[in-house]
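Here the structure is laid out as structure tokens; the discussion comes afterwards.
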Amino acid sequence: MKFPRDDRSRMTAELAIEVTLRYPLPWFSPGDLGLQEVLSPGPRLLGGAGFRGLAVARLGGWPTLAADPQRAATALRFLTFWALLGEDGGFPEAELLAAVRGSDGLPENVPPALRAWWEVARRCRAAMGPAWCGRLAEDFADWLDANRCEAHWRAKIEAEAPYPARQDLLPIRVASVGVAPAIDFLEYVGDCPLPLAVRSHPAHAAVRRYAARLVAVQDDLVGVAEDLVSHRPNLLGCMLRNEGLSPAAAAAEVEALHDESLCGLTGASQLLRAEFPRVEAVTRWLRAVQTLCHGFARWHSTTPHDHRTTRLPSGPGLAIEIEYV
């Protein structure tokens with residue numbers, strides 16, 4: 001089924017190319033309707049300016065994930081600090097990663113904002129242990145590396161160099177969208193730490209990879225107009241400017257990439273459940289991953305009408321719709 005739209009959105013869709021993001025019907029929850037509470041201009045995921053006006057508690061379905069309100073509050077504080085950090089890091093990497101780890105003995109002269117983040121991370125460290133915080137820091141380091149790569153590409157595109165190839169851009173966007181650290185937090189928020197045997201299983205890595213790709217595709221779909229103007233690397237921009245596809249053909253490619261990612265996520269999830277049928281944490285964690293991915297999709301598609309249709313610099317707009325199958 002398709003989610004109902006009002007008359008204005010129907011008129012908008014008639015004037016734009018409709019991009020359909022398909023999700024399993026069981027993933028839908030009435031509580032997700034609250035995700036339309038987006039106040040920022042241009043709903044980008046981790047860009048500091050786009051995030052500041054956002055009700056962070058609505059982001060990605062987080063309200064439905066929490067097993068403990070205190071853990072939810074801690075995670076949302078962490079996400080807020082991350083949002084305000086922006087995409088360039090803002091601090092020396094060593095100090096930032098030490099704060100993310102909640103390391104002992106943070107230097108006294110670090111900026112107050114970084115010390116506040118460290119204090120939040122210490123709460124997570126007390127609950128999850130130093131190894132979990134170390135994995136979170138590793139994913140943050142990957143996020144920083146991906147953002148540096150994007151900044152390099154952005155400078156080259158601005159200087160009229162060709163767009164990077166899709167096979168080069170996609171893994172960078174999967175990392176820079178920031179889903180990996182968010183997935184780490186699912187274990188903390190849901191109080192479902194995964195055993196080493198689960199985390200070491202290839203299906204676990206596949207779930208994380210496909211989930212991040214789902215969100216990256218959605219994020220680039222929503223942000224393509226802004227990205228093209230600002231020369232930021234974007235998957236649709238790559239299809240339009242590197243591969244020479246028409247907007248309609250690029251929309252079809254996005255739909256196919258989204259469907260492929262969803263199939264990969266579903267298959268890897270089924271395999272992980274089959275391998276660990278008696279591990280309750282696996283079931284809870286996988287449900288949280290679904291909620292996170294679907295929450296981002298609902299957030300992207302239920303923004304105010306002024307932003308629901310993405311206006312390309314030339315050609316028709318792109319209208320995002322969710323279809324439940």
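- For Asp104, the side-chain hydrogen bond (donor to acceptor under 3.5 Å, both in side chains) partners at least two apart in sequence or on another chain are Arg122.
- Two rings, from Trp132 and Phe185, have their centers less than 6.0 Å apart.
- Between Glu93 and Arg148, at least one side-chain nitrogen of the basic residue sits less than 4.0 Å from a carboxylate oxygen of the acidic one, meeting the salt-bridge criterion.
- Remark: His152 NE2 to Ile172 CD1 distance equals 11.0 Å, nearest 0.5 Å.
- Judged by the 6.0 Å distance and 45° axis criteria, Arg71 is positioned over the aromatic ring of Tyr188.
- Salt bridge Arg208/Asp139: present, at least one basic N to carboxylate O contact under 4.0 Å.
- Contact between Pro233 and Trp153 at its shortest, heavy atoms only, is CG-CB, 3.6 Å.
- Aromatic ring orientation, Phe81 versus Trp117: tilted (interplanar angle from 30° to 60°).
- Applying the ring pair (Phe, Tyr, Trp, His ring centres under 6.0 Å) test to Tyr23 and every residue at least two apart in sequence or in another chain returns Trp27, His258, His294.
- Looking at residues two or more places apart in sequence or on another chain, you find no side-chain contact (heavy atoms from CB on, under 4.5 Å) involving Ala252.
- Ring geometry, His201 versus Phe276: the interplanar angle exceeds 60°, so the pair is classed perpendicular (tilted spans 30 to 60°).
- Separation of atoms CG (Leu292) and CG (Leu186) is listed at 5.5 Å; rounding is to 0.5 Å.
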